[in-house]
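Beneath this line is the structure, given in structure tokens, with notes to follow.
Quick note: numbers below take in every heavy atom, side chains included, and nothing from hydrogens, waters or symmetry partners.
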Amino acid sequence: MPSARPGSSEPGRGLPSRRRFLGTALGAAGAVAAGGSGLAVAQTTGGMPKPLPDAVSFYGTHQAGIATPAAERMAFAAFDVTTAERAALENLLSTWAAAAARFTAGRPLSDAEAVPHTPPADTGEAVGLPPSRLTITVGFGPSLFDQRFGLAPRRPAALAEIPALPGDVLEPARSGGDLCVQACADDAQVAFHVIRNFARLGRGTAVMRWSQLGFGRSSSTSTHQSTPRNLMGFKDGTDNITGESSADLAQFVWVGTESDQDWMRAGSYLVARRIRMHIESWDTELRSDQESVFGRRKSTGAPLSGTAEFDPPDLTARNAHGRLIIPADAHIRLASPSANAGQRILRRGYSYTDGIDADTGLLDAGLFFIAFQKDPRTQFVPIQRRLAENDALNEYVRHTGSALFAVPPGVSGPGDWFGKGLFS
């Protein structure tokens with residue numbers, strides 16, 4: 001999903017008029033988000049049409065795409081802001097919010113049909129498709145709080161760069177970013193449509209740094225969802241936090257009064273990690289060895305100490321020879337709350353495949369890990385460090401990308417926008 005950088009040229013005729021059009025659309029959408037008139041504006045001229053049955057409400061206390069039931073497909077992108085003008089950044093975030101309200105309701109960017117000699121406001125590939133439970137989640141990276149916009153004093157302490165962790169082989173081109181957009185839907189085209197149009201609306205203000213498509217959720221985030229399997233064939237995220245558990249969400253996911261920044265209350269922190277799996281190597285291992293790595297049965301997902309998927313793992317159980325039934329380096333043991341001072345995270349990742357590694361001829365596939373939490377310093381970082389140092393799974397995976405974002409609270413209604421409290 002390429003983006004045109006400022007000063008670059010694009011093929012085709014009429015380039016100046018295209019730029020003028022996109023600039024006009026950007027300004028109009030910002031006016032709509034601020035309560036003005038302009039781009040299409042069902043939400044300001046007569047109210048949005050009644051939501052379709054598979055539409056997820058965009059407005060709320062928290063951003064959707066965190067505790068809402070995970071959809072089946074994902075498109076994720078990180079952006080670098082290319083302007084030094086704070087007003088332009090604010091306008092971009094208001095523009096994105098206005099567009100998100102329409103997209104999640106199954107609406108195009110504009111209801112008005114473009115005149116023949118101008119590009120349409122919306123790229124059009126999602127026209128006629130239902131919302132497909134689309135959610136759009138936006139976050140701010142640590143780099144946004146440098147000196148460009150005067151935001152440094154408002155950077156939350158919890159938005160500390162993730163330190164180097166054992167075994168990381170991170171690629172800068174797959175890591176970091178000033179802004180992130182997570183679009184999840186049951187239709188891959190609906191999710192991609194968001195990233196494509198957000199990038200288009202951001203021209204001249206932000207450029208895409210990296211992106212990732214996910215084709216299968218790797219965790220359940222609702223008691224109504226079955227536990228999916230990862231590309232290693234194992235059920236993943238059996239003990240995940242669910243959206244129905246308000247107590248767990250309050251304790252581990254939603255930022256509260258403990259934050260040093262009021263604007264982040266009711267928000268969360270998103271950690272993204274691109275984890276490549278050595279599929280071919282894994283596929284040669286005995287099933288019993290695979291089960292020892294995870295600490296679960298491959299067929300049922302039950303812990304090795306139990307008989308059903310949701311049986312609590314007995315980490316003290318030993319066999320007749322006195323050996324631990326769940327090995328000391330099993331993933332389920334090292335990731336358990338009891339091994340991590342009671343800490344938990346809400347996992348919401350997706351499987352991915354990006355074709356073949358040109359250097360090795362092997363599949364470039366694995367897990368695009370996403371987790372939400374109240375404070376990465378006390379949750380993701382120590383949990384991942386423990387896993388990176390001792391997990392038997394490390395032989396078969398490699399972390400190639402990493403990013404951290406502060407996800408502000410939800411957008412309350414028309415006129416509000418992503419992170420508006422940060423700029424107040």
Side-chain angles (χ1 to χ4, degrees), residues 56-71 133 135 137-139 156-159 182 184 217-228 235-272 295-296 301-303 305-306 308-316 331-349 369-384 386-387 404-412 421:
V56 177
S57 176
F58 172 66
Y59 299 118
T61 302
H62 310 290
Q63 288 196 54
I66 302 175
T68 46
R133 296 196 299 130
T135 59
T137 314
V138 169
L159 192 63
Q182 173 193 271
C184 300
R217 63 180 176 87
S218 66
S219 296
S220 58
T221 56
S222 171
T223 55
H224 301 294
Q225 292 180 317
S226 61
T227 308
K235 291 195 171 189
D236 207 352
T238 293
D239 192 33
N240 198 26
I241 295 172
T242 64
E244 291 84 1
S245 180
S246 57
D248 285 340
L249 292 171
Q251 182 176 359
F252 299 111
V253 178
W254 304 131
V255 175
T257 57
E258 79 288 340
S259 176
D260 59 329
Q261 297 292 342
D262 290 348
W263 67 268
M264 265 300 292
R265 293 178 183 177
S268 191
Y269 290 91
L270 184 160
V271 171
R296 290 189 179 275
S305 60
E309 178 188 349
F310 293 99
D311 288 346
D314 184 348
L315 300 178
T316 64
H331 183 75
I332 189 177
R333 175 185 294 276
L334 297 173
S336 68
S338 62
N340 293 283
Q343 291 288 357
R344 302 178 68 192
I345 55 179
L346 191 163
R347 294 185 52 182
R348 201 183 172 94
F369 174 93
I370 298 174
F372 291 93
Q373 63 247 273
K374 180 176 290 192
D375 191 336
R377 298 170 300 174
T378 58
Q379 292 173 272
F380 171 78
V381 171
I383 292 172
Q384 180 54 37
R386 184 179 182 85
L387 290 170
L404 170 67
F405 300 94
V407 177
V411 177
S412 61

Working to the nearest 0.5 Å, report the span between [atom1] of [X] and [atom2] of [Y].
X: Phe380; Y: Leu387; atom1: CZ; atom2: CG; result: 8.5 Å
X: Ile383; Y: Thr378; atom1: CD1; atom2: OG1; result: 8.5 Å
X: Ser305; Y: Leu315; atom1: OG; atom2: CG; result: 7.0 Å
X: Asp248; Y: Leu346; atom1: CG; atom2: CG; result: 9.5 Å

How close do [X] and [Y] get, heavy atom to heavy atom, and via which atoms?
X: Ser222; Y: Glu244; answer: OG-OE2, 2.7 Å
X: Ala158; Y: Pro376; answer: O-CD, 3.7 Å
X: Gly237; Y: Ser219; answer: CA-OG, 4.1 Å
X: Ser57; Y: Ala64; answer: O-CB, 4.1 Å
X: Ser218; Y: Pro228; answer: C-CG, 3.4 Å
X: Ala406; Y: Met264; answer: CB-SD, 3.9 Å

Looking at [Y], is its backbone amide N or carbonyl O close enough to the side chain of [X] to form a donor-acceptor pair, meaning the two atoms are under 3.5 Å apart?
X: Asp260; Y: Ala157; value: yes
X: Arg348; Y: Ile370; value: no
X: Asn340; Y: Leu334; value: yes
X: Arg344; Y: Asp239; value: yes
X: Arg347; Y: Phe369; value: no
X: Asn240; Y: Thr221; value: no
X: Lys374; Y: Leu249; value: no
X: Ser268; Y: Gln373; value: yes
X: Thr242; Y: Thr223; value: no

What I'd like to find out is whether the side chain of [X] reaches to under 4.5 Å of the side chain of [Y], using heavy atoms alone.
X: Phe372; Y: Ile241; answer: no
X: Trp263; Y: Pro156; answer: yes
X: Thr238; Y: Phe310; answer: yes
X: Lys235; Y: Glu309; answer: yes

Between the side chains of Thr137 and Gln63, is a donor N or O closer than 3.5 angstrom to an acceptor N or O? no

Using the side chain to side chain contact (heavy atoms under 4.5 Å, CB included) rule, take Phe252 and Gln343 through it: C-alpha gap first, then chi angles, then the decisive distance, then the call. CA-CA 7 Å; Phe252 299 111; Gln343 291 288 357; 3.7 Å; yes

